[in-house]
Amino acid sequence: MTDNPMAFDLSRITPRRPGRRRRCFLLLGFLALACWATLDALYHFVYHHHRVTAAVAVRPPPSPQPERIYIASVHWNTEAILRSHWNEAVIRLAEKWGAGNVFVSVFESGSWDNTKGALRDLDRDLDRLGVRRNITLSPTTHREEISAIPSSEGWVDTPRGQKELRRIPYLARIRNWTLRPLEDLQRQGILFDKILFLGDVVFTVDDIIALLRTNDGVYSAACSLDFMRPPAYYDTFALRDSEGDGHLMPTWPYFRSTDSRNALLSMSPIPVKSCWNGIVAMPTEPFLSPTPLRFRGIPDSLAQFHLEASECCLIHADNPLSRALGVYLNPLVRVGYTGAAYAAVHPFWLSPRYIALGVWQSRLRRWLTTTFFQKFVVRRRVALWQANSNDRHEVGEFCLTDEMQVLIANGWAHV
Ligand SMILES: *[C@@H]1O[C@H](CO)[C@@H](O)[C@H](O)[C@H]1NC(C)=O
Ligand SMILES: *[C@@H]1O[C@H](CO)[C@@H](O)[C@H](O)[C@H]1NC(C)=O
């Protein structure tokens with residue numbers, strides 16, 4: 001682009017040409033990539049938005065199916081949410097289903113706020129409605145639990161040189177207590193279709209109707225998606241995608257496996273190996289079989305290898321219905337641990353920018369990371385554990401993580 005193209009000038013320009021061409025190709029390449037990224041993000045947003053809108057448009061009809069539900073719930077320091085949302089939501093649910101079609105089983109222990117007072121209020125209101133229930137308020141505190149003489153089960157030698165009470169068997173024991181009235185009622189000939197495990201979350205009656213209808217009612221378990229600080233989801237300890245992998249990222253689109261991710265994108269029931277996010281519905285049968293399904297922890301001998309698994313993941317591993325019917329996470333049922341968290345994910349919860357970033361972050365993470373080493377560590381420890389005795393087997397191996405959790409006076413700790 002010289003005004004005066006003398007031979008002498010040209011010879012000086014010529015060597016620069018390849019460089020300019022390279023820059024040109026680079027620019028074109030970059031433009032193509034930017035174009036692809038934009039179109040791809042746009043596609044994902046439009047597709048996802050369309051599916052969310054379609055799903056919102058077909059809210060479940062107002063009358064629930066004639067199903068009998070058994071509500072099981074454990075509480076510890078949950079006074080605030082009980083008083084602001086939970087109690088009222090449970091009452092609404094009981095009214096909707098009819099007092100005779102629900103049973104409420106609550107177990108609380110060791111809260112130091114007035115959770116017990118809030119649950120007494122619920123008890124009174126349920127009584128007024130004529131709803132059958134067992135609301136057990138236990139005076140036992142964490143401090144008392146951990147200062148007990150170590151018994152045969154549920155204790156572990158920790159790296160800090162103490163024998164400490166494992167958190168998971170303790171939680172399993174408490175969750176099991178909420179199931180005891182189910183057996184008593186069965187003996188009286190009173191049966192339920194579904195157990196609804198209700199976490200300390202904000203939810204509506206429509207959420208429950210939608211959850212029970214997950215995958216047209218065919219599932220071994222159906223979970224909501226729970227939010228503490230949206231749009232990050234909350235319970236990572238029990239969630240495993242369709243391949244049994246833990247979450248790829250705590251924010252949308254969460255999953256490493258293609259099946260789980262595609263279902264989330266299309267807002268269909270998401271096939272997973274395990275979930276326990278806020279609210280879970282499960283058919284009652286396995287809990288009432290001759291060898292009843294119950295919550296449990298992994299054996300202490302395995303936990304000793306610095307491994308742990310959520311009782312809420314192991315229950316899916318143990319459930320004989322999991323394979324036949326499938327465990328699903330329902331992305332249409334989004335619950336929150338606060339009113340603000342619930343509001344932030346309704347009716348929509350993702351902005352176009354968020355979707356664009358999420359899609360790309362997920363891609364990069366899938367390209368650049370692997371679960372190989374994590375799995376290798378777990379596999380090696382399980383193999384060492386098995387080497388000590390050949391009848392050892394853990395069906396919930398996909399639930400295992402490199403953790404040790406113990407109860408402490410004011411909560412629990414990783415050690
Ligand atoms: C869970 O419940 C069953 C049956 O009630 C019981 O045998 C089992 O020991 C319990 N597990 C734990 C960890 O408490
Ligand atoms: C209520 O549940 C607790 C805990 O499982 C149990 O010990 C108690 O016997 C139950 N009470 C009634 C009246 O069924």
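Note that the coordinates shown come from a computational prediction; the quantities given were computed from them, not determined experimentally. Indexing begins at 1, ligand by ligand and atom by atom, following the structure's order.
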*asked:* Show, in sequence, the C-alpha distance, side-chain angles and deciding distance for Ser105 and Arg180, and conclude whether the side chain to side chain donor-acceptor pair (under 3.5 Å) test is met.
replied: CA-CA 9 Å; Ser105 175; Arg180 189 164 306 165; over 6 Å; no
*Contacts of type side chain to side chain contact (heavy atoms under 4.5 Å, CB included), residue Thr251, not counting sequence neighbours*: Ala232, Met249, Tyr354, Gln361
Identify every side-chain donor-acceptor pair in residues 324-333 under 3.5 Å, counting partners at least two apart or on other chains, and give the distances.
{"from": "Asn330", "atom 1": "OD1", "to": "Leu332", "atom 2": "N", "distance (Å)": "2.9"}
{"from": "Asn330", "atom 1": "ND2", "to": "Thr214", "atom 2": "OG1", "distance (Å)": "2.9"}

*With Asn134, which residues qualify under side chain to side chain contact (heavy atoms under 4.5 Å, CB included), at least two apart?*
Phe103, Thr136, Pro181
*May I have the step-by-step check of ring pair (Phe, Tyr, Trp, His ring centres under 6.0 Å) for Trp76 and Trp112, ending in yes or no?*
CA-CA 8 Å; Trp76 179 64; Trp112 57 76; 5.4 Å; yes
*asked:* Using 0.5 Å steps for rounding, measure from the CZ atom of Arg166 to the CD atom of Gln405.
replied: 9.5 Å
*Using a threshold of 4.0 angstrom between heavy atoms of the protein and any atom of ligand 2, which residues qualify?*
Asn134, Thr136, Trp177, Arg180
